Amino acid sequence: MMIELIGLPGSGKSTYSKKYIEEYKMINLMDEYLYSDSRVKQNINKVKLVSYLFNKKKKYCFVLYKIFSKIEFSSLKKKLKMLLYLYSVVAICEKAKSEIYDNDIIIDEGVNQVIWGLLYNSEKSERAILDLQGYLKEYFGDEIIFLQINKKILEKRLLNRNGKGGAELNHDIKNNREKLNYAYTLMEKVKNGIEKNGVTINASEHLQNEKKNSFYNK
């Protein structure tokens, strides 16, 4: 079984996945195939993942790109970065779905988190991005858990971060606090898209109380 976590940057996805791994002996393929090395090695890992995906599902990759190409970005650099990110995550989900593992799998940055990132980085292409979400349905988790978090707690975490994860949102809210409301709005669109594709979301409320859940606020 593959469990997919969704939530805003700073909502505790990485911490939650580590807790699951410790308690249930699960595997996090994001750590294994993407984020366990330096930034340079991470980029090399992404190229390897894209190669793996094209070798397994070439036709799917071309259709995926056809839909993706309708999304408008502020620069070619950002477009290429998001495309590589998309293919890498899909490749990891393909591994989770098609290869045999002794343990269940948890994905703390799956295809629906990519959809949120695309929405955040391309305000003019909502329809194309939601169409892309529908095409990615086969890579949704067998169970999807949404990590809810109080807005004030999230804002505090993001402002205290030093470029680790969710860097764009971290930077943006320092200049414009309304960006946080915008981020919440986009996550609701992601959740609506999941449910429109016939998948139920399980909401986790363990992050609502900062004092009672200090483990998630370290």
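Quantities reported herein were computed from a predicted structural model and do not represent experimental measurements. In this chain, numbering begins with 1 at the start of the sequence shown. Because only heavy atoms are used, hydrogens play no part in the values below, and waters and symmetry mates are left out as well, while side chains stay in.
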Could you walk me through whether D142 and D104 pass the side-chain contact (heavy atoms from CB on, under 4.5 Å) check? CA-CA 11 Å; D142 300 302; D104 288 336; over 6 Å; no
Approximate separation, where rounding is to 0.5 Å, of [X] [atom1] and [Y] [atom2]:
X: K81; Y: Y85; atom1: NZ; atom2: OH; value: 10.0 Å
X: L5; Y: M30; atom1: CG; atom2: CE; value: 11.0 Å
X: E178; Y: T185; atom1: CD; atom2: OG1; value: 9.5 Å
X: L147; Y: N202; atom1: CG; atom2: CG; value: 11.0 Å
X: I107; Y: S17; atom1: CD1; atom2: OG; value: 9.5 Å
X: L119; Y: K189; atom1: CG; atom2: NZ; value: 7.0 Å

Give the minimum heavy-atom separation between [X] and [Y], together with the two atoms involved.
X: K137; Y: V199; result: CE-CG2, 4.4 Å
X: L53; Y: C61; result: CG-SG, 3.5 Å
X: L158; Y: P9; result: CD2-O, 3.4 Å
X: M2; Y: C93; result: CE-SG, 4.3 Å
X: I71; Y: A128; result: CG1-CB, 4.1 Å
X: I27; Y: L29; result: CG2-CD2, 3.6 Å

Side-chain heavy atoms nearer than 4.5 Å, only ILVMFWY residues, links allowed to pass through others: does that put [X] and [Y] together?
X: Y65; Y: L49; answer: yes
X: L84; Y: Y52; answer: no
X: L80; Y: M82; answer: no
X: V63; Y: V89; answer: yes
X: Y182; Y: V190; answer: yes

For the pair W116 and Y120, name the ring-plane relationship: parallel under 30°, tilted 30 to 60°, perpendicular over 60°.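 Correct class here is parallel.
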State, yes or no, whether a side-chain contact exists between [X] and [Y] at a heavy-atom distance under 4.5 Å.
X: I6; Y: I115; result: no
X: K19; Y: T15; result: no
X: Q133; Y: F140; result: yes
X: I194; Y: F146; result: no
X: I129; Y: K70; result: no
X: L154; Y: L8; result: yes
X: M187; Y: Q113; result: yes
X: I153; Y: K156; result: no

Got a donor-acceptor contact below 3.5 angstrom from the [X] side chain to the [Y] backbone?
X: N121; Y: G117; answer: yes
X: S125; Y: E72; answer: yes
X: Y33; Y: K46; answer: no

Side chains of K18 and N28 only: does a donor on one sit below 3.5 Å from an acceptor on the other?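 No donor-acceptor contact under 3.5 Å links the two side chains.
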Residue pair K79 / S69, side-chain donor-acceptor N/O under 3.5 Å: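 No.
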S98 and K56: side chain to side chain donor-acceptor pair (under 3.5 Å), yes or no, with the steps? CA-CA 10 Å; S98 64; K56 287 209 68 175; 3.1 Å; yes
Does K151 qualify as a cation-pi partner of Y184, given the criterion of NZ or CZ under 6.0 Å from the six-membered ring centre and within 45 degrees of its axis? yes
Would you mind checking if R177 and E155 are paired as a salt bridge, meaning a charged N to carboxylate O distance below 4.0 Å? yes
Does the distance from a Lys or Arg side-chain N to an Asp or Glu carboxylate O, for E138 and K57, drop under 4.0 Å? yes
Do the ring centers of Y60 and Y135 come within less than 6.0 Å of each other? yes
What about the rings of F73 and F68, do their centers lie closer together than 6.0 Å?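 Yes; F68 has its ring centre under 6.0 Å from that of F73.
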After noting the C-alpha distance and the side-chain angles of T200 and I144, does the key distance pass the side-chain contact (heavy atoms from CB on, under 4.5 Å) rule? CA-CA 7 Å; T200 301; I144 298 178; over 6 Å; no
Taking it one step at a time, do I105 and M1 satisfy side-chain contact (heavy atoms from CB on, under 4.5 Å)? CA-CA 6 Å; I105 293 162; M1 181 176 75; over 6 Å; no
Out of E94, E4, K97, which one pairs with Y139 under the side-chain hydrogen bond (donor to acceptor under 3.5 Å, both in side chains) rule?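 Answer to the side-chain hydrogen bond (donor to acceptor under 3.5 Å, both in side chains) test with Y139 among E94, E4, K97: E94.
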For K196 and K191: C-alpha separation, side-chain torsions, deciding distance, then whether side-chain contact (heavy atoms from CB on, under 4.5 Å) applies. CA-CA 9 Å; K196 284 180 180 179; K191 289 166 58 184; over 6 Å; no
